[in-house]
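Predicted, not measured: the structure shown is a model, and the values here were computed from it. Index from 1, following the sequence.
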Amino acid sequence: GAMLDQVAEKGYPATTVGDVVSAARCSRNAFYELFEDKEACYIAAADQAGAEMLAALTAAAGAEQRWREALRSGTRSYLRWWVDNPRYTAAYLIDLPAAGRRALDQRDRVYADFATMFEGLAARARAEQPALPPVPPLVPRLLVVAITELIAQEVRMGRVSSLMKLEDALVRFLVKALT
């Protein structure tokens, strides 16, 4: 948490281990018992937050819902998560590229998890509507990248609090892409 707070406040390059241990009220020794370096701490924070977001989406899009309802619930949950977690939003969407190759690899792992989620949603749609054509294999990956970059652009423009206004347009886009 302290890492995300500091990166959101100062940016990744300007954040030091000293800043993090001071904010966390722990010793440098305690920090280095848990993390190899600043980058490892940042990646761990991003991994944890990404797992929490995916769990929230999965819970919102329960199995009892039809696929379009699950898509809407998941989209709403996704947007709400960014709004409700502003320190992670800024630290991840703005500063992640500055954290280096390992951080970009972390992002690719998270993107793969989200692409798998879209593949599952597409399969669910076809189970409910067998006449739907197959989804091209690239579509789930494109959805993840496009939506993440759209949210990042809104964050860079200072419009985090307005993200919920994107729900209807995103749902329409996702339905078209998945069908």
Side-chain angles (χ1 to χ4, degrees), residues 3-5 7-13 42-43 45-62 65-126 132-179:
M3 173 59 81
L4 294 178
D5 287 341
V7 171
E9 181 181 326
K10 299 176 179 186
Y12 181 83
Y42 179 77
I43 291 168
D47 278 341
Q48 181 178 344
E52 290 170 7
M53 179 194 289
L54 198 54
L57 288 176
T58 302
Q65 296 176 326
R66 299 192 51 82
W67 84 270
R68 287 178 190 238
E69 295 164 344
L71 175 65
R72 177 159 300 275
S73 297
T75 301
R76 184 177 301 123
S77 177
Y78 177 78
L79 294 171
R80 172 63 45 208
W81 201 94
W82 290 114
V83 171
D84 290 347
N85 294 280
R87 66 187 179 144
Y88 178 73
T89 299
Y92 192 78
L93 293 174
I94 295 172
D95 284 289
L96 184 124
R101 184 70 221 166
R102 289 188 310 181
L104 292 172
D105 290 344
Q106 180 279 342
R107 182 180 67 185
D108 289 344
R109 288 190 307 275
V110 171
Y111 280 13
D113 291 342
F114 276 84
T116 299
M117 179 194 68
F118 280 123
E119 289 167 358
L121 191 58
R124 193 167 162 181
R126 277 135 191 84
L132 289 174
V135 173
L138 195 55
V139 167
R141 289 177 48 209
L142 287 171
L143 289 175
V144 173
V145 173
I147 292 168
T148 304
E149 183 52 31
L150 173 69
I151 301 303
Q153 187 177 53
E154 292 296 305
V155 171
R156 289 189 302 268
M157 291 181 186
R159 298 194 297 236
V160 175
S161 62
S162 300
L163 289 177
M164 298 307 296
K165 293 177 184 177
L166 297 174
E167 181 181 335
D168 289 337
L170 276 176
V171 169
R172 281 192 303 276
F173 170 71
L174 287 165
V175 167
K176 286 184 187 249
L178 291 171
T179 59

Indicate every side-chain donor-acceptor pair of residues 88-104 with a distance under 3.5 Å to a residue at least two apart or in another chain.
residue: Thr89; atom: OG1; partner: Trp82; partner atom: O; Å: 2.7
residue: Thr89; atom: OG1; partner: Asn85; partner atom: O; Å: 2.9
residue: Asp95; atom: OD1; partner: Tyr12; partner atom: N; Å: 3.1
residue: Arg101; atom: NE; partner: Asp105; partner atom: OD1; Å: 3.0
residue: Arg101; atom: NH2; partner: Asp105; partner atom: OD1; Å: 2.7
residue: Arg102; atom: NE; partner: Glu39; partner atom: OE1; Å: 2.9
residue: Arg102; atom: NH2; partner: Asp37; partner atom: OD1; Å: 2.9
residue: Arg102; atom: NH2; partner: Asp37; partner atom: OD2; Å: 3.1
residue: Arg102; atom: NH2; partner: Glu39; partner atom: OE1; Å: 2.7

Got a list of side-chain donor-acceptor pairs under 3.5 Å for residues 162-174, not counting sequence neighbours?
residue: Glu167; atom: OE1; partner: Arg76; partner atom: NE; Å: 3.2
residue: Glu167; atom: OE2; partner: Arg72; partner atom: NH1; Å: 2.8
residue: Glu167; atom: OE2; partner: Arg76; partner atom: NE; Å: 3.3
residue: Glu167; atom: OE2; partner: Arg76; partner atom: NH2; Å: 2.8
residue: Asp168; atom: OD1; partner: Arg72; partner atom: NH1; Å: 2.9
residue: Asp168; atom: OD1; partner: Arg72; partner atom: NH2; Å: 3.4

(request) Please assess Phe118 against Val144 for the test side chain to side chain contact (heavy atoms under 4.5 Å, CB included), listing each intermediate value before the final yes or no. (result) CA-CA 8 Å; Phe118 280 123; Val144 173; 3.8 Å; yes
(message) Apply side chain to side chain contact (heavy atoms under 4.5 Å, CB included) to residues Leu143 and Leu178 and explain how you reach the verdict.
(response) CA-CA 9 Å; Leu143 289 175; Leu178 291 171; 3.8 Å; yes
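Atom-to-atom distance recorded for Leu79:CG and Asp84:CG is 11.0 Å, nearest 0.5 angstrom.
Pro140 and Val135 make their closest contact through CD-CG1, 4.2 Å (heavy atoms, listed as atom of the first residue, atom of the second, distance). When all heavy atoms of Gly74 and Leu57 are compared, the closest pair comes out as O-CD2, 2.8 Å.
Counting only residues at least two apart or on different chains, the side-chain hydrogen bond (donor to acceptor under 3.5 Å, both in side chains) pairs with a member in residues 141-152 are Glu149-Arg156. Sorted by first then second residue, the salt bridge (Lys or Arg N to Asp or Glu O under 4.0 Å) pairs that include residues 114-126, not counting sequence neighbours, number zero.
In terms of the salt bridge (charged side-chain N to carboxylate O under 4.0 Å, His left out) criterion, residue partners of Asp47 (sequence neighbours excluded) are, by chain and number, Arg109. A search for side-chain hydrogen bond (donor to acceptor under 3.5 Å, both in side chains) contacts involving Ser73 returns Gln65, not counting sequence neighbours.
The side-chain heavy atoms of Trp81 and Leu54, taken from C-beta on, include no pair separated by under 4.5 Å. Residues Ile151 and Tyr78 form a side-chain contact, since some pair of their non-hydrogen atoms from C-beta on lies under 4.5 Å apart.
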